[in-house]
Amino acid sequence: MHTTLEIIRQRHQSGSQPGQRNDDARLVVVLEGGSSRAAFGGGMVGVLEEHGLLPVFDAVYGASAGALNGAWLICEKANENIHGWWTPESIKEIIKPANFVRGKPIVNGDFLVDEMYESFTRMGFEEILASPVEYHPLATDADSGESVDLAPFITDRATLKTAMKATTRIPVLSGDPVSLGGRRFIDGGMAENIPIETALAQGATHLLVLRTRQPSVDLASTHKLKQQAVALWMRKNAAGALHTWENRNRRKQQLEVLLRDSPQVLQVAPPEGAPKISMIGQATETQKLAVEMGKEQMRQVLREAGIS
């Protein structure tokens with residue numbers, strides 16, 4: 001059994017609580033983003049919630065939509081609102097490809113946080129603020145390109161909501177950079193799509209990493225037109241982070257190698273043959289299938305630890 005899974009099992013069986021541990025581990029959840037693709041992670045988080053496993057973790061780290069899945073885990077409202085990953089009333093209100101010709105955001109993170117999370121799929125903002133399990137959403141500094149943990153900027157409901165907008169502010173698709181704490185931020189997935197380096201730098205000893213795609217150390221490529229379109233947007237809106245965009249595929253490869261080689265990391269990923277979902281995927285049945293696949297993958301891992 002992987003050591004990360006063994007700590008989860010031991011803490012769960014003993015009723016261990018944050019701040020009252022009987023071990024020296026710092027156990028964290030790290031969540032990959034991917035916009036619509038994060039439906040896989042939504043299912044995984046739902047299973048952690050089903051088994052009451054939030055208290056075994058000391059912190060939750062996430063980038064982009066992974067940070068939103070992390071928020072659902074911490075407030076323990078993931079399953080209550082999991083339909084948001086597939087129902088047209090939710091996903092088609094947030095993702096509107098036709099907005100491109102209207103000059104409006106295609107992926108409307110502001111509407112998601114300010115409207116959907118207040119009414120249709122209610123986010124537990126106050127529960128997140130009060131939780132002893134730390135919440136660490138990551139974003140990319142628009143003026144330096146560095147990966148930034150937004151946790152120190154979160155002091156109340158308003159700054160929490162702003163942090164959620166910042167971590168999901170996808171270049172080209174989602175509007176201008178988000179201001180928080182006197183700095184400007186864009187999508188966290190650009191600088192650290194799976195924020196394991198930040199988690200390790202902050203003392204994580206064991207990491208449960210929830211993926212939204214199959215692990216691969218192959219160097220990814222980007223379509224030439226997308227490369228040019230995003231670079232143009234970056235030069236206009238986030239010139240200091242242009243180098244981060246240009247180097248992001250190499251950066252992703254470096255993180256994949258770290259994930260593969262670190263004995264501290266246990267990855268849970270979609271199965272081979274899982275549907276490929278674009279960042280703006282809206283197909284109801286595909287999204288629902290991704291959630292169910294994520295659930296089954298997490299259940300299989302927990303069964304290995306005798307948690308069922």
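Under the 4.0 Å criterion applied to side-chain N and carboxylate O atoms, Arg248 and Glu192 are not assigned as salt-bridge partners. A salt bridge links Asp58 and Arg21; the closest N-O separation between the charged side-chain nitrogens and carboxylate oxygens is under 4.0 Å. Contact check on Glu285 versus Lys288 returns no salt bridge, with no Lys/Arg side-chain nitrogen under 4.0 Å from an Asp/Glu carboxylate oxygen. For Glu256 and Arg251, the salt-bridge test fails: no basic side-chain N is under 4.0 Å from an acidic carboxylate O. At a threshold of 4.0 Å, the pair Lys161-Asp110 does not count as salt-bridged, since none of the basic side-chain nitrogens sits closer than that to a carboxylate oxygen. Taking a cutoff of 4.0 Å between a charged side-chain nitrogen and a carboxylate oxygen, Asp141 and Arg184 do not qualify as a salt bridge. Salt bridge absent: Glu304 and Arg299 never bring a charged side-chain N and a carboxylate O closer than 4.0 Å.
The distance between the ring centers of Trp85 and Phe40 does not fall below 6.0 angstrom.
The main-chain N or O of Leu210 is never found under 3.5 Å from a side-chain atom of Glu32 such that the two would form a donor-acceptor pair. No donor-acceptor distance shorter than 3.5 angstrom exists from the side chain of Ser174 to the backbone of Gly109, with no hydrogens or angles considered. Side-chain atoms of Thr212 come within 3.5 Å of backbone N or O of Gly33 as a donor-acceptor pair. Counting only distance, with no hydrogens or angles, the side chain of His51 and the backbone of Leu53 share no donor-acceptor pair below 3.5 Å. Listed for the Ser144 side chain is no donor-acceptor partner under 3.5 Å among the backbone atoms of Ala241. Side chain of Ser36 to main chain of Gly281: a donor-acceptor pair is present (N/O by atom type, distance under 3.5 Å, no hydrogens or angles). Although no hydrogens or angles enter the test, the distance criterion places no donor-acceptor pair under 3.5 Å between the side chain of Glu146 and the main chain of Thr140. The main-chain N or O of Arg26 is found under 3.5 Å from a side-chain atom of Thr205 such that the two form a donor-acceptor pair. Between the side chain of Ser64 and the backbone N or O of Gly66, no donor-acceptor pair lies under 3.5 Å. The closest donor-acceptor contact from the side chain of Glu49 to the backbone of Asn79 lies under 3.5 Å.
Side chains of Gln300 and Val268 form no contact here, defined as non-hydrogen atoms less than 4.5 Å apart. Glu197 has its side chain out of reach of Gln254: every pair of non-hydrogen atoms, C-beta onward, lies at least 4.5 Å apart. No side-chain heavy atom of Ser16 sits less than 4.5 Å from a side-chain heavy atom of Pro55. By the 4.5 Å heavy-atom criterion applied to side chains, Thr87 and Phe120 are counted as neighbours. You'll find the side chain of Pro171 reaches within 4.5 Å of the side chain of Met190, heavy atoms only. Residues Pro275 and Leu289 meet the side-chain proximity criterion, which asks for heavy atoms closer than 4.5 Å. Residues Gln202 and Val28 fail the side-chain proximity criterion, which asks for heavy atoms closer than 4.5 Å. Between Leu302 and Arg9, the closest side-chain pair of non-hydrogen atoms is not below 4.5 Å.
Interatomic distance, CD of Gln282 versus CD1 of Ile94, reported as 10.0 Å (0.5 Å rounding). How far CG of Leu150 is from OH of Tyr135: 8.5 Å, rounded to the nearest 0.5 Å. Distance check, rounded to the nearest 0.5 Å: CG of Leu54 to CG of Leu48 gives 9.0 Å. Rounding to the nearest 0.5 Å gives a distance of 11.0 Å between CG of Asp23 and CD of Glu6. Annotation: the span from Leu160 atom CG to Thr155 atom OG1 amounts to 9.5 Å, rounded to 0.5 Å. Rounding to the nearest 0.5 Å places CZ of Arg211 at 9.0 Å from OG of Ser216.
Cluster membership check: Leu129 shares its hydrophobic cluster with Met123, using side-chain heavy-atom separations under 4.5 Å among Ile, Leu, Val, Met, Phe, Trp and Tyr. Note on Ile91: it clusters hydrophobically with Val45, by side-chain heavy-atom contacts below 4.5 Å among ILVMFWY residues. Trp72 and Val133 fall within a single hydrophobic cluster, where Ile, Leu, Val, Met, Phe, Trp and Tyr are joined by side-chain heavy atoms under 4.5 Å apart, directly or via other members. Taking hydrophobic clusters as Ile, Leu, Val, Met, Phe, Trp and Tyr residues chained together by side-chain heavy-atom distances below 4.5 Å, Ile7 shares a cluster with Met44. Hydrophobic clustering of Ile, Leu, Val, Met, Phe, Trp and Tyr side chains at less than 4.5 Å, counting indirect connections, unites Phe111 with Phe125.
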(request) Check step by step if side chain to side chain contact (heavy atoms under 4.5 Å, CB included) holds for Thr4 and Val265. (result) CA-CA 7 Å; Thr4 294; Val265 171; over 6 Å; no
(request) Could you check Asn108 against Glu115 for side chain to side chain donor-acceptor pair (under 3.5 Å), going step by step and ending with a plain yes or no? (result) CA-CA 10 Å; Asn108 195 336; Glu115 302 295 333; over 6 Å; no
(request) Evaluate the side chain to side chain contact (heavy atoms under 4.5 Å, CB included) criterion for residues Leu208 and Val30: first the C-alpha distance (whole Å), next the side-chain angles of each, then the deciding distance (0.1 Å), finally the verdict. (result) CA-CA 6 Å; Leu208 177 66; Val30 180; over 6 Å; no
(request) Step by step, work out the side chain to side chain donor-acceptor pair (under 3.5 Å) result for His12 and Gln10. (result) CA-CA 5 Å; His12 181 57; Gln10 290 177 355; over 6 Å; no
(request) Might you work through the side chain to side chain donor-acceptor pair (under 3.5 Å) test for Tyr61 and Glu134, ending with a clear yes or no? (result) CA-CA 8 Å; Tyr61 292 78; Glu134 302 168 15; 4.7 Å; no
(request) Determine, step by step, whether Asp176 and Arg169 satisfy the salt bridge (Lys or Arg N to Asp or Glu O under 4.0 Å) criterion, reporting the C-alpha distance in whole Å, the side-chain angles of both residues, the deciding distance to 0.1 Å, and the verdict. (result) CA-CA 8 Å; Asp176 296 337; Arg169 191 51 54 100; over 6 Å; no
(message) I'd like to know whether Gln253 forms a side chain to side chain donor-acceptor pair (under 3.5 Å) with Arg250, so could you lay out the CA-CA distance, the side-chain angles of the two residues, the decisive distance to 0.1 Å, and finally the verdict.
(response) CA-CA 5 Å; Gln253 185 183 48; Arg250 183 67 64 185; 2.8 Å; yes
(request) Would you please test Lys96 and Lys104 for side chain to side chain contact (heavy atoms under 4.5 Å, CB included) and show each step? (result) CA-CA 9 Å; Lys96 294 185 176 182; Lys104 296 181 179 180; over 6 Å; no
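Taking every heavy atom of both residues into account, Ile196 and Leu258 meet most closely at CD1-CD2, 3.4 Å. When all heavy atoms are compared, the tightest approach of Asn69 to Gly41 is ND2-C, 3.5 Å. The heavy-atom pair separating Ile8 from Val56 by the smallest distance is O-CG1, 4.1 Å. The shortest heavy-atom contact between Ala38 and Ala65 is CB-CB, 3.5 Å. The minimum heavy-atom distance linking Asp187 with Thr167 is given by the pair OD1-O, 3.2 Å. Of all heavy-atom pairs between Trp245 and Ala231, the closest is NE1-N, 3.8 Å.
Every residue was checked against the side chain to side chain donor-acceptor pair (under 3.5 Å) condition with Ser131, not counting sequence neighbours, and none meets it.
Counting non-hydrogen atoms of neighbouring residues, nucleotides and ligands closer than 6.0 angstrom, the CZ atom of Arg122 reaches no more than 12 such neighbours.
Sorted by first and then second residue, the ring pair (Phe, Tyr, Trp, His ring centres under 6.0 Å) pairs with a member in residues 167-211 read Phe153-Phe185; sequence neighbours excluded.
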